[in-house]
2 protein chains.
Amino acid sequence: MQRATHATLHLIATELVDLDLTVSEINALANLADGQGRTVSQLGAAVGARPTTLTSVLDRLERRGHITRGTRAGDRRSVLIELTDSGRAAAAVITQTLTTMETRTLAGLPAEAVAGFYAVLDALVKEGP
Amino acid sequence: MQRATHATLHLIATELVDLDLTVSEINALANLADGQGRTVSQLGAAVGARPTTLTSVLDRLERRGHITRGTRAGDRRSVLIELTDSGRAAAAVITQTLTTMETRTLAGLPAEAVAGFYAVLDALVKEGP
DNA sequence: TATTGTTATACTCTATAACTATA
DNA sequence: TATAGTTATAGAGTATAACAATA
């Protein structure tokens, strides 16, 4: 499983090499792709990254002009992460590439296998920390 | 998939916390558990780690007394990795724990799901880099 | 007093390139 | 010259703890 994950992440990074982003940055942008802002906590929960990791990931994305950090109405401790225009463009490329890859990979496999795959993944996530 | 892998690795590390080993070290010992020596290249191919990563992993395992580095008859460029007594003991704990965890996790799932899971993993590994 | 996010520190993994010692 | 492994270097993820601002 570890090898499959690594191979897949490597393949994604290779396909998206033009964007010059790390896996974590791709992950963050993909999660923000719907255009809705998220706080750092929300994004961290979604991508499964620690706050401290996310800080440096967001630092790089902000430096590249892909996101902005703003304050959220209601709670001024929270930081609201939102996509810029270039961030939206990158996120669109990412989601389209991921969809294409997923379709291509799963195309040759029986539907039961794919269903079983997701069922096991689900069980593993629930068993986890 | 990334989350499931991460959760699983974290769970393994938690179950084996007494051994005080990293995921890569556990991975290496598990691969050596059959008692057969392996060269650095062979071990790297088996665990999917770069030579440079393996060097530092093996450095730590050697310092802890879990493995020895020897020369292989026939080609003195190769380094033969072998388990010591303490390495064998640790490897035995690891394989037993992994077997127990796998059985426990997959017990509640239909056999078709598990078969599909492995089929998809296989396809992903082959698609990879 | 508790929560949100950042900073600091230390360790591990990754990738690339240069190096050695053998072949 | 080519291969096996190590060393060097820099970037990135992880974990823990301490911290400032806000609640």
Roughly, in whole Å, what's the span from NE2 in B:H6 to P in C:dT12? 16 Å

Categorize A:T52 for me: base, sugar-phosphate, or nothing, with a 4.0 angstrom heavy-atom threshold over every strand shown. base

Checking B:S24 side chain against B:V57 main chain: does a donor-acceptor pair fall under 3.5 Å? no

For DNA chain D, determine which residues of residues 22-35 of chain A have any heavy atom closer than 4.0 angstrom to one of its atoms, and list them numerically. A:T22, A:S24

Would A:D122 and A:K126 pass as an ion pair if we require N to O under 4.0 Å? yes

Upstream residue (5' side of DNA chain D) when A:A49 and B:L54 are each assigned their closest nucleotide: B:L54

Just the rounded figure in Å: distance from C1' of D:dA12 to CG of A:L21. 14 Å

Answer with yes or no whether the side chains of A:S78 and A:T39 bring together a donor and an acceptor at under 3.5 Å. no

Could a donor-acceptor pair under 3.5 angstrom be found where the side chain of A:T53 meets the base of D:dA15? no

Figure out the CG/P separation between B:D20 and C:dT12, and round it to whole Å. 9 Å

What pair of heavy atoms forms the shortest contact from A:G37 to A:E82, and how long is it? CA-CG, 3.8 Å

Between atom NE2 in B:H10 and atom P in D:dT14, what is the gap in whole Å? 11 Å

Spell out, as yes or no, whether a donor-acceptor pair under 3.5 Å connects the side chain of B:R3 to the backbone of A:A46. yes

Quick check: does any side chain N or O of A:R38 sit under 3.5 Å from a backbone N or O of A:Q36, one acting as donor and the other as acceptor? yes

Do any of residues 60-79 of chain B sit with a heavy atom less than 4.0 Å from DNA chain D, and if so which? B:R69, B:R77, B:S78, B:V79

From CD1 of B:I81 over to P of D:dT6, roughly how many Å is that when rounded to an integer? 7 Å

Could you walk me through whether A:R88 and A:D85 pass side-chain contact (heavy atoms from CB on, under 4.5 Å), step by step? CA-CA 5 Å; A:R88 254 184 296 281; A:D85 285 345; 3.0 Å; yes

Backbone of B:T53 reached by a side-chain donor or acceptor of B:S56 within 3.5 Å: yes

To the nearest angstrom, how far is A:R3 atom CZ from C:dT14 atom P? 13 Å

Spacing of A:R38 atom CZ relative to C:dT4 atom C1', expressed in whole Å: 18 Å

Would you mind reading off the distance between B:Q2 atom CD and D:dG13 atom C1', rounded to a whole angstrom? 11 Å

Is there a donor-acceptor pair under 3.5 Å between the side chain of B:T105 and the backbone N or O of B:E102? no

Does A:R50 have a side-chain nitrogen or oxygen under 4.0 Å from the phosphate oxygens OP1 or OP2 of D:dA15? yes

